[in-house]
Amino acid sequence: MSYLEELNDAQRSAVLHKDGPSMVIAGAGSGKTRVLTYRIAHLIHGGVDPFNILALTFTNKAAREMKTRISKIVGDNQAKNLWMGTFHSVFAKLLRFEGHHLGFPSNFTIYDTQDSQRLISSIIKEMGLDKDIYKYKQIQQRISAFKNSLITVKAYYNNPELQEADAIARKPRMGEIYNEYVNRLFKAGAMDFDDLLLRTNELLNRFPEVLVRYQERFKYILVDEYQDTNHSQYLIVKALSDRYQNICVVGDDAQSIYSFRGANISNILNFQRDYDQVAVFRLEQNYRSTNTIVRAANSVISKNKDQIEKQVWTDNPDGDKIIVHRSATDADEGRYVASTLFEWKLNNQLKNGDFAVLYRTNSQSRAIEDALRKRDIPYRIYGGLSFYQRKEIKDVLAYLRLVINPKDEEALMRVINYPTRGIGQTTLDKLVVAAKETGMSIFELLSPENRSSLKINASTSNRLEDFATMIRSFQILAESADAFTLTEHVIKKSGLVLEMKKDGTPEGIARLENMEELLNGIQDFVEGQREIDEATGSIAEFLEDVALATDLDKEVGDDDRVALMTIHLAKGLEFPYVFIVGMEEDLFPSAMSMNTRAELEEERRLFYVALTRAEKQAVLTYTINRYRWGKLIDAEPSRFIEEIDEQYLDNQVVDFRRNFSPYLDTSLFGEVDHSKLRTVKPKAGTPPSIGRPTEKQLQKLRKIKPASVQPVAESATLYADLSVGAKVNHERFGTGVVQSIEGIGVNKKAEIKFESGGIKKLLLKFAKLQIIK
DNA sequence: TGCACCGATGTTTTT
DNA sequence: CATCGGTGCA
């Protein structure tokens, strides 16, 4: 049991505690994963059958990694029997076995958010409601919130307050929509993400014998990131652990960042009230970060009122101060990140993988990407629009879903007329209505005997027949072929490949390549699954994997790249060098989250998470102007910068007013008095927001401070001297003549008459015009 | 029924 | 700027 020697006292006692409830409060970087891993290994060592252990982690990747480490201690044979994974994937698996009690087939489809929203959208339309009042995204979020709080349709109707709230919000028919949504999911043999938890609760509640069976099975339960569990998850854990009370939760209230999806911080705050005789362990020594980073992070989080008392500290050296950097625009910010990263990499012989760029919103990645690409720095974006959410991929998956579960209405609606095969909206409307009236699924309605009762003309009827026949032929193939063979067949026969090929545009080609990548992915999957017992490499398994895979789950392995991701995704990860970009008011903290103290505190925790990802060096950047919705807006430094104890900052910013010069590049700024940071609010119309310096002005500037000038965008001077009458070339519209010019700086627009016909008003910033001499 | 084009509209964060 | 739904024409 040499592994026990690798632990500090607090960690060791948490690992050694065997029976009864325990809670591990683990500060950032305090070796939480190590405790979880060793605790599981130790349980197995002590004679607990791995079959009786359930470990709920935050990502599937974390589960896999932990499993690998556990195998190294206790051996493969033992480790493979562990049930380990995210709440969603573990209980999806459980529902595949037990869902029949609730009337769900074992091959139920998992709807992602987009599927849910599409379904809600069509329900709103069918009910003839005003889509400007009943916004499908809002409705989906509200329903999701209901489900996460275990408010079923019935509970909703028993709750006058909720109904009243919806009535006041001018959505009196919310309940009906909710009801219809639940029914439609059921009829489609589908569950949304929230259902995976809600239906598990329903199952355990309504079927005591099932509950007992799993209580007996999961004698030891471990929950990671407990601070981010929602009510639904809380109840599942409570129910399953009720018999043996061998529940160990690990978490850090200071890192609770998922309240927007129902996470309830009081789950962890009240844990000691919920269980008797809770053993509490505190991990307060940070092994990850420099003393500077640890203390800076502490100084920020101490501003929060709601928290469990704890003091994170470290033995690590002080390290460098946290760099704060200001840029003129988001493009400049990207350039600063890229050049700094490049320089450090060169000077210190670092790898790309030593760096992460973290941001609050996915849309911020673009400027960073552009800058990194220009410097040929390899990067990888995590999250955002994931591969499996791309249209062309979802289309392929929809065909496959339909093969597995023909009742899957969203999948059917997606592909019944894509590629187009002459089945139009009118026909679809008829089908939806008939499906509602008869209780049959749309796919069932496609068969000749059911179809005949609909008022559909003969040629359309034939097309429906062809579609149904095609899907059935796929289903037959699926019985004998593996996932790869089936998918290859499907994309050919469905006409998807042809559709892509005839497109011919660069985007079309990219889409085709994506499909190939999907095929490769499926091939890998099939081969990988064959090595696992019980797994067959079937398409059903693949689809489940895809539905619940986090972007972090994809093993991209060995290639050395800079990581770009949102702070949310970065939770649990660590990097030597971390750039936190977009440190601006309204962005971080987000404008949407400043209404209440609780919201603001969550943003602050998010910042705490971001900061504590860094091992050696953290860099905070903000801009003066940033593009949002394609418009340049003023920005102001985030309050969070100010909240860091000044002594930990290396503030590379000067008082704006003092050093102001309209064409000064931001990298010229020297040291600054930190307290001035937010007193300088560039107002709309101040020169820097007008645009970039011209080449001439830059040259003048270089004479003054030659070394510090950053390269300016190539496009900068392209339109500076554009005048009426100039002949220009546009990528898409061809050549034309400038008719008039309006606006100034980046907002400059030109009206251009193109030879191809038509006059267009273009924002020069985006138009990428070439001036033809 | 299909397709090209227009304008309105929207953004946190994710399983 | 991206996406989506609606509109108007072939």
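All values derive from a computational prediction rather than experimental measurement.
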- Query: Hey, does A:Phe87 reach any base, or is it just sugar-phosphate, or nothing, if we go heavy atoms under 4.0 Å?
  - Reply: nothing
- Message: Given B:dT15, B:dT13, C:dA2, identify the nucleotide with an atom nearest to the side chain of A:Thr566.
- Response: B:dT13
- Task: From the options C:dG5, B:dT15, B:dT13, select the nucleotide whose nearest atom is closest to the side chain of A:Arg261.
- Result: B:dT15
- Task: Verify whether one side chain among A:Tyr181 and A:Ser116 offers a donor that lies under 3.5 Å from an acceptor in the other.
- Result: yes
- Query: Has A:Arg628 got a side-chain N or O lying under 4.0 Å from the OP1 or OP2 atom of B:dG10?
  - Reply: no
- Item | A:His88, nearest nucleotide to its side chain (from B:dT15, C:dG5, B:dT13) | B:dT15
- Message: With the criterion set at under 5.5 Å between ring centres and under 30 degrees between planes, would C:dC1 be stacked on A:Tyr627?
- Response: no
- When you get a sec, tell me which of C:dG6, B:dT13, B:dG10 is the closest nucleotide to the side chain of A:Lys135? B:dG10
Where do N or O atoms of nucleotides 1-4 of chain B meet protein N or O atoms at under 3.5 Å, pair by pair?
residue : atom : partner  : partner atom : Å
B:dT1   : OP1  : A:Thr427 : OG1          : 2.9
B:dT1   : OP2  : A:Thr426 : OG1          : 2.3
B:dG2   : OP1  : A:Gly422 : N            : 2.9
B:dG2   : OP2  : A:Asn417 : ND2          : 3.2

- Aromatic ring proximity A:Phe260/A:Tyr258, centre distance under 6.0 Å: yes
- Query: Mind checking what makes side chain to side chain contact (heavy atoms under 4.5 Å, CB included) contact with A:Leu400, not counting sequence neighbours?
  - Reply: A:Val396, A:Leu397, A:Leu486, A:Thr487, A:Val490, A:Ile539, A:Leu543
- Query: If only side-chain N and O atoms of A:Asn362 are considered, is one of them under 4.0 Å from the OP1 or OP2 phosphate oxygen of B:dT14?
  - Reply: yes
- Query: Using a distance-only test with no angle check, is there a side-chain donor-acceptor pair under 3.5 angstrom linking A:Thr621 and A:Glu333?
  - Reply: yes
- Residue list, side-chain hydrogen bond (donor to acceptor under 3.5 Å, both in side chains) with A:Glu603, at least two apart or on another chain: A:Arg360, A:Ser593
- Message: Quick check: A:Tyr234 with A:Tyr226 (ring centres under 6.0 Å apart)?
- Response: no
